[in-house]
Amino acid sequence: MLGYRTCSISSISFFGDLPQEGKRNLLVTSALPYVNNVPHLGNIIGCVLSADVFSRYGRLRDWNMLFVCGTDEYGTATENKAREEGLTPQQICDKYHAIHSSIYKWFQIDFDYFGRTTTEKQTEIAQDIFWRLHKHDFLMEDTVEQLRCESCQRFLADRFVEGICPHCTYPEARGDQCDKCGRLINAVELREPQCKVCRQTPVIRSSKHLFLDLPKLETQLEQWLDKSTSTGDWTANAKQITRSWLRDGLKPRCITRDLKWGTPVPHPDFKEKVFYVWFDAPIGYLSITANYTDKWEKWWKNPDQVELYNFMAKDNVPFHSVVFPCSLLGAQDNYTLVGHLVATEYLNYEDTKFSKSRGVGVFGDMAKDTNIPSDVWRFYLLYVRPEGQDSAFSWADMATKNNSELLNNLGNFINRAGMFVTKFFDGCVPVMELQQEDKKLLALVGWELQQYIQLMDKVKIRDALKHILNISRHGNQYIQVNEPWKKIKGEDTERLRAGTVTGVSVNIACLLSVMLFPYMPTVSQTIRDQLNAPQSIISTMLQGNGTFVCALSAGHRVGTVSPLFQKLEVDQIEALKKRFSGQQVFDPAAVPAPAAAAAAAEVAPVNGVDPEKAKQLTQAVAEQGDKVRALKTQKADKAVITAEVTKLLDLKKQLALAEGKSPEPAPQKGKKK
């Protein structure tokens with residue numbers, strides 16, 4: 001288990017393990033990444049990177065911060081992955097936890113503690129919450145008919161069973177829904193069901209389970225939500241998704257599963273079961289904190305003194321805004337509930353989706369092999385952060401933003417300011433006599449700083465970044481208009497003017513180093529090292545509403561100044577784009593329906609089996625099916641769901657062709673059967 005700081009600033013006050021009187025105490029969490037999935041860029045920006053930026057910013061603001069995260073390690077997917085790799089579930093968790101830790105460390109994610117859910121503390125705290133819910137009568141029993149595979153000796157989770165849809169006879173319906181007709185189904189309703197692991201026919205068995213009685217908690221939940229969403233910073237999508245769940249009324253939610261790999265249910269009547277991952281996983285925030293400090297309850301049972309920020313992608317919202325709060329409200333133990341729920345939309349890759357199996361997109365373990373510094377990755381992901389709508393990673397756009405915003409704008413200004421001090425004034429900041437033009441610039445920079453602070457306080461991370469770039473743009477224009485490289489050769493008054501422009505510019509560069517710290521921590525430190533900036537600037541610039549102070553006064557000696565960024569060349573970017581493009585699967589959404597059908601027919605002849613393409617398409621179908629299920633969970637617009645179901649069906653036709661099967665013919669118009 002790791003806790004690490006990648007780029008700390010010595011003058012920031014760290015308050016140890018406890019909330020502090022008179023301080024703003026912020027508890028920050030990132031949605032726990034599932035252990036056996038290597039995170040891609042969208043996962044990174046949606047959770048850990050966004051939380052890291054806000055946490056670093058909070059420290060600059062002199063808030064008392066605790067930033068925790070960890071791997072979510074229990075559940076069916078872990079058991080299955082262990083079976084695939086011939087390892088035990090614990091060995092799988094150990095292997096992938098190390099991979100996650102390495103990736104986040106490279107991206108400079110500055111956790112106070114990065115833990116995991118497979119711990120004794122997790123069992124202890126989850127079971128305590130369970131017994132409290134039981135004591136207060138918020139649990140109920142029900143018997144559920146499930147499919148059990150006798151060959152695999154286990155009950156089958158929905159994702160591990162498929163069969164013929166009872167409604168439309170589609171032959172590959174899953175245990176929770178049919179991707180053709182879109183109907184929700186119960187796994188026991190499937191005709192000719194098969195276990196997806198061994199392809200044997202499962203049998204129906206009754207199994208008694210425990211449910212969290214959400215309807216009984218609904219009034220209490222709504223009262224809390226009204227207060228939290230009105231006083232805290234909840235993103236618009238988080239509010240909308242939560243409202244959609246409440247609009248239709250809450251239903252009891254099963255909290256137990258017939259698995260072996262999970263937190264054991266302590267009730268004697270359910271001793272062979274474990275907690276369902278979405279009851280268990282959010283409790284990981286508490287247990288991870290408990291593994292960091294034995295004073296964890298000072299954070300998690302202290303709602304009057306602690307503000308809780310949850311960072312996640314939008315598909316995780318219902319579990320953090322409805323299910324988990326209901327567990328804590330029902331436990332009646334004065335838990336700290338989320339006050340600020342920050343959810344991003346989705347980040348796509350170029351014009352498609354990330355897919356590890358097809359080699360499409362950049363995953364966390366690949367980014368460092370591109371020889372592009374992690375700070376540049378951080379900058380671009382934050383520049384395109386999907387704050388209000390879906391956005392896309394684009395190699396061409398990344399190169400453009402690096403070359404224009406970092407190299408030609410930000411880097412150019414900071415480098416020129418420092419070089420003028422070195423070249424024209426023997427490395428010492430010159431005397432400054434401010435004129436009206438200088439005061440006007442300083443007022444403009446001060447306004448940009450205040451806008452930056454207002455936006456960052458509200459977790460508008462992408463929008464705040466634009467104000468950093470605005471300041472360097474103002475600075476470049478200021479230098480260009482005043483031409484200090486010419487004035488330094490003139491009379492005394494002109495030389496004084498060159499000195500003033502240089503001194504003002506290098507102080508603006510100093511301010512930028514502080515504002516950049518949450519976004520680009522290594523670059524921030526490099527700038528301060530080059531300018532030999534005093535550490536005190538960190539604790540003054542971002543206090544209150546923002547104060548732009550003269551940190552480098554006349555006579556201050558700067559260090560060695562050198563360029564901060566490198567150009568990304570066209571051939572370099574083209575090579576990377578090709579490398580991460582994978583073997584593209586035909587995207588039916590990109591062309592009109594008739595053309596899509598024709599193109600799909602050309603992918604492979606009916607009898608032309610293509611095992612490699614079939615393998616890729618099988619994964620694509622699985623990913624698209626997951627997307628459809630997520631949309632239904634979020635209760636998205638029917639038109640959106642229908643479009644994604646159509647896309648899924650087209651992918652399945654391609655799969656049939658790749659497997660040498662005839663795709664189901666479209667019904668002919670005008671003829672009755």
Side-chain angles (χ1 to χ4, degrees), residues 29 31-35 70-79 89 115-142 144 146 155 157-159 176 207-218 220-221 224 242 245 250-290 300 308 310 312 315-333 335-338 341 629 633:
T29 70
L32 306 183
Y34 201 70
V35 70
T71 41
D72 172 13
E73 301 190 350
Y74 283 132
T76 307
T78 301
E79 284 188 348
R116 54 201 306 186
T117 57
T118 51
T119 66
E120 291 181 7
K121 287 290 186 185
Q122 176 73 10
T123 301
E124 176 188 322
I125 296 171
Q127 291 184 350
D128 176 67
I129 290 173
F130 166 81
W131 281 123
R132 285 181 170 278
L133 290 167
H134 186 272
K135 173 186 174 182
H136 297 299
D137 200 27
F138 289 120
L139 298 180
M140 53 189 289
E141 294 183 12
D142 200 1
V144 179
Q146 294 176 265
F155 284 94
D158 294 337
R159 70 175 72 184
D176 56 353
S207 182
K208 192 166 64 170
H209 282 278
L210 286 164
F211 289 73
L212 180 60
D213 194 347
L214 293 179
K216 191 179 285 189
L217 288 156
E218 190 164 358
Q220 200 176 341
L221 176 74
W224 164 74
T242 303
W245 266 59
L250 299 180
K251 298 174 178 59
R253 189 169 185 87
C254 190
I255 66 166
T256 54
R257 281 291 184 267
D258 289 296
L259 298 172
K260 292 183 173 59
W261 186 244
T263 300
V265 178
H267 195 292
D269 295 345
F270 297 87
K271 60 184 179 182
E272 299 299 319
K273 301 183 192 297
V274 300
F275 288 127
Y276 176 41
V277 70
W278 269 115
F279 173 77
D280 186 60
I283 297 172
Y285 296 134
L286 284 62
S287 71
I288 287 166
T289 309
W300 283 103
L308 174 58
N310 289 162
M312 70 203 67
D315 55 331
N316 275 333
V317 166
F319 305 106
H320 289 79
S321 67
V322 177
V323 180
F324 186 44
C326 278
S327 297
L328 297 183
L329 286 167
Q332 297 181 13
D333 200 20
Y335 278 106
T336 303
L337 301 180
V338 61
L341 203 158
R629 274 183 288 281
T633 298

Take His320 and Val338 through the test side chain to side chain contact (heavy atoms under 4.5 Å, CB included) and record every step on the way to the result. CA-CA 8 Å; His320 289 79; Val338 61; 5.8 Å; no
Using side chain to side chain contact (heavy atoms under 4.5 Å, CB included), reason through Ile255 and Leu139 one step at a time and then give a plain yes or no. CA-CA 9 Å; Ile255 66 166; Leu139 298 180; 3.8 Å; yes
Assess the residue pair Val265 and Tyr276 against the criterion (side chain to side chain contact (heavy atoms under 4.5 Å, CB included)); give the C-alpha distance rounded to whole Å, side-chain angles, the decisive distance to 0.1 Å, and a yes or no. CA-CA 10 Å; Val265 178; Tyr276 176 41; over 6 Å; no
Could you go through Val144 and Phe211, starting from their C-alpha distance and side-chain angles, then the distance that decides it, and tell me whether this counts as side chain to side chain contact (heavy atoms under 4.5 Å, CB included)? CA-CA 11 Å; Val144 179; Phe211 289 73; 3.9 Å; yes
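Rounding to the nearest 0.5 Å gives a distance of 12.5 Å between CD of Glu218 and CG of Leu329. Here Asp128 contributes atom CG and Thr123 contributes atom OG1; the two are 12.5 Å apart, rounded to the nearest 0.5 Å. The CG atom of Leu328 sits 11.0 Å away from the CG atom of Leu221 when rounded to the nearest 0.5 Å. One distance of note links CG of Leu259 with OG1 of Thr76; it measures 4.0 Å at 0.5 Å rounding. Separation of atoms CD (Glu120) and OG1 (Thr263) is listed at 12.0 Å; rounding is to 0.5 Å. Between Leu210 atom CG and Glu141 atom CD the span is 5.5 Å, to the nearest 0.5 Å.
The backbone N or O of Asp137 lies less than 3.5 Å from a partner atom in the side chain of Lys216, making a donor-acceptor pair. Side-chain N or O atoms of Thr117 include one that pairs as donor or acceptor with a backbone N or O of Glu73 at under 3.5 Å. A donor-acceptor contact shorter than 3.5 Å links the side chain of Gln122 to the backbone of Asp280. Distance alone, capped at 3.5 Å, is enough to place a donor-acceptor pair between the Lys273 side chain and the Lys208 backbone.
Contacts of Tyr34 classified as side chain to side chain donor-acceptor pair (under 3.5 Å), with partners at least two apart in sequence or in another chain: Thr78. Ser321 is linked by a side chain to side chain donor-acceptor pair (under 3.5 Å) to Thr242, counting only residues two or more places apart in sequence or in another chain. In this structure, Trp300 has no ring-ring contact (aromatic ring centres under 6.0 Å, His included) partners at least two apart in sequence or on a different chain. Phe275 is linked by a ring-ring contact (aromatic ring centres under 6.0 Å, His included) to Phe130, Phe279, counting only residues two or more places apart in sequence or in another chain. Residues that satisfy the side chain to side chain donor-acceptor pair (under 3.5 Å) test with Asp72, not counting sequence neighbours, are absent from this structure. Remark: His134 engages Trp131, His267 in a ring-ring contact (aromatic ring centres under 6.0 Å, His included) (not counting sequence neighbours).
Between Pro215 and Pro252, the shortest heavy-atom contact is CD-N, 3.7 Å. Counting all heavy atoms, side chain and backbone alike, Leu217 lies closest to Cys326 at CD1-O, 3.5 Å. When all heavy atoms of Leu214 and Leu250 are compared, the pair lying nearest together is CB-CB, 3.9 Å. The two atoms that bring Pro325 and Trp224 nearest to each other are CB-CZ3, 3.7 Å, heavy atoms only. When all heavy atoms are compared, the tightest approach of Ser327 to Leu212 is OG-CD2, 3.6 Å. In terms of heavy-atom proximity, Ser287 sits nearest to Lys121 at CB-C, 3.8 Å.
Residues Ile288 and Thr29 are not in side-chain contact: their nearest non-hydrogen atoms beyond the backbone lie 4.5 Å or more apart. A heavy-atom distance below 4.5 Å is not found between the side chains of Ile125 and Tyr285. Between Phe324 and Ile283, the closest side-chain pair of non-hydrogen atoms falls below 4.5 Å. Annotation: side chain of Thr118 is in contact with side chain of Trp261 (closest heavy-atom distance under 4.5 Å).
Taking the six-membered ring where the residue is Trp, the centroids of Phe155 and His209 are separated by 6.0 Å or more.
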